[in-house]
Novice: 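First the structure, then my questions, so here it is.
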Amino acid sequence: MMIKFVLMVNRQGQTRLSRYYQPVELSRRAVLEADVVRCCLSRRKDQCSFVEYKDFKLVYRQYAALYIVVGVTDSENELSVYELVHNFVEVLDKYFSRIMFNLDRVHIILDEMIQNGHIVETNKSRVLAPLTALDKMADG
């Protein structure tokens, strides 16, 4: 059971964030991302947010103009990943409600939640603890 990648894309299909947990050649990433995004964005709102895709599954959620797409192995629990995506968005909302959006900070949050393709933390306070410490150091 494992997460293969996490993508954040806009409605136009442009990737805003990508994190891979298995090696994928750079030349293949663009093709994979375009194909995955096309697959998810072409679906209707009343269709399921879990999609069989090649040798793995896609779990996605839409938040306004942003889609978060997670590629997982066939044995991964889709509902747990679906909830993980929502938890990730809640953590982002909690953190960025008080500071300006920063992509580096998004990567830190994602790395606190997922390591080596496995979910390691979902508690919002524990996920944000390293950033809170960094922010306190920066404020001096």
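Count residues from 1 along the sequence.
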Novice: Among residues two or more places apart or on two chains, list those pairs meeting salt bridge (charged side-chain N to carboxylate O under 4.0 Å, His left out) that have a residue in residues 101-110.
Specialist: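 Checked against salt bridge (charged side-chain N to carboxylate O under 4.0 Å, His left out) - neighbours excluded - the pairs reaching residues 101-110 are Arg105-Asp135.
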Novice: For Lys57, is there an ion pair with Glu76 - N to carboxylate O distance below 4.0 angstrom?
Specialist: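 Salt bridge: no.
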Novice: Quick one: list whatever passes side-chain contact (heavy atoms from CB on, under 4.5 Å) with Asp111, sequence neighbours left out.
Specialist: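 Once residues adjacent in sequence are excluded, the partners of Asp111 under the side-chain contact (heavy atoms from CB on, under 4.5 Å) criterion are Arg19.
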Novice: Are Val106 and Leu134 linked, directly or through other ILVMFWY residues, by side chains that come within less than 4.5 angstrom of each other?
Specialist: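 Yes; tracing contacts between hydrophobic side chains, which count when under 4.5 Å, links both residues.
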Novice: If the condition is salt bridge (Lys or Arg N to Asp or Glu O under 4.0 Å), which residues does Arg126 pass it with, not counting sequence neighbours?
Specialist: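 Result, salt bridge (Lys or Arg N to Asp or Glu O under 4.0 Å) vs Arg126: Glu121.
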Novice: What residues, two or more places apart in sequence or in another chain, satisfy side chain to side chain donor-acceptor pair (under 3.5 Å) together with Glu33?
Specialist: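 Glu33 satisfies side chain to side chain donor-acceptor pair (under 3.5 Å) with Thr15, Tyr20 once adjacent residues are dropped.
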Novice: Can a salt bridge be assigned to the pair Asp139 and Lys136 using a cut-off of 4.0 Å between side-chain N and carboxylate O?
Specialist: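 Looking at Asp139 and Lys136, the cut-off is not met.
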Novice: In chain order, what residues pass the salt bridge (Lys or Arg N to Asp or Glu O under 4.0 Å) check against Asp46, with sequence neighbours excluded?
Specialist: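 Residues passing salt bridge (Lys or Arg N to Asp or Glu O under 4.0 Å) with Asp46: Arg44.
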Novice: Filter on salt bridge (charged side-chain N to carboxylate O under 4.0 Å, His left out), then keep only pairs touching residues 87-96, sequence neighbours left out; what's left?
Specialist: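 Sorted pair list: Glu90-Lys124.
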Novice: Could you work out, with ring pair (Phe, Tyr, Trp, His ring centres under 6.0 Å) as the rule, every residue matching Tyr21, not counting sequence neighbours?
Specialist: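 By the ring pair (Phe, Tyr, Trp, His ring centres under 6.0 Å) rule, Tyr21 matches no residue at all.
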Novice: Could I get the full list of ring pair (Phe, Tyr, Trp, His ring centres under 6.0 Å) partners for Tyr95, not counting sequence neighbours?
Specialist: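 So Tyr95 forms no ring pair (Phe, Tyr, Trp, His ring centres under 6.0 Å) with any residue.
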Novice: Tell me whether Ile3 is reachable from Ile68 by hopping between hydrophobic residues (I, L, V, M, F, W, Y) whose side-chain heavy atoms are closer than 4.5 Å.
Specialist: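 Linked within one cluster.
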Novice: Can you name the residues that form a side-chain contact (heavy atoms from CB on, under 4.5 Å) with Leu41, not counting sequence neighbours?
Specialist: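 Applying side-chain contact (heavy atoms from CB on, under 4.5 Å) to Leu41 gives Val9, Val37, Tyr67.
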Novice: For Lys4, enumerate each residue passing the salt bridge (Lys or Arg N to Asp or Glu O under 4.0 Å) test, keeping only those at least two apart in sequence or located in another chain.
Specialist: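 With neighbours one apart ignored, the set is empty.
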Novice: Tell me if the aromatic rings of Tyr53 and Tyr60 count as close, with their centers under 6.0 Å from one another.
Specialist: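 Centroid distance Tyr53-Tyr60: not below 6.0 Å, so no.
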Novice: How are the rings of Phe101 and Phe96 set to each other: parallel, tilted or perpendicular (split at 30° and 60°)?
Specialist: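 Rings of Phe101 and Phe96: tilted, as their planes differ by 30° to 60°.
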Novice: Counting N and O atoms only, with roles assigned by atom type, does the side chain of Arg29 sit under 3.5 Å from a partner on the main chain of Ser18, one being a donor and the other an acceptor?
Specialist: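 Judged by distance alone, no pair lies under 3.5 Å.
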Novice: Does atom CG (Asp74) have a neighbourhood of more than 12 heavy atoms from anything else shown, all under 6.0 Å?
Specialist: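 Check passes, neighbour count above 12.
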Novice: Kindly write out the residues that satisfy side-chain contact (heavy atoms from CB on, under 4.5 Å) with Leu79, not counting sequence neighbours, or none if the list is empty.
Specialist: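 Applying side-chain contact (heavy atoms from CB on, under 4.5 Å) to Leu79 gives Phe50, Asn77.
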Novice: Listing request: all salt bridge (charged side-chain N to carboxylate O under 4.0 Å, His left out) pairs with a residue in residues 62-72, at least two apart in sequence or in separate chains.
Specialist: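 Applying salt bridge (charged side-chain N to carboxylate O under 4.0 Å, His left out) to every pair that reaches into residues 62-72, excluding sequence neighbours, yields nothing.
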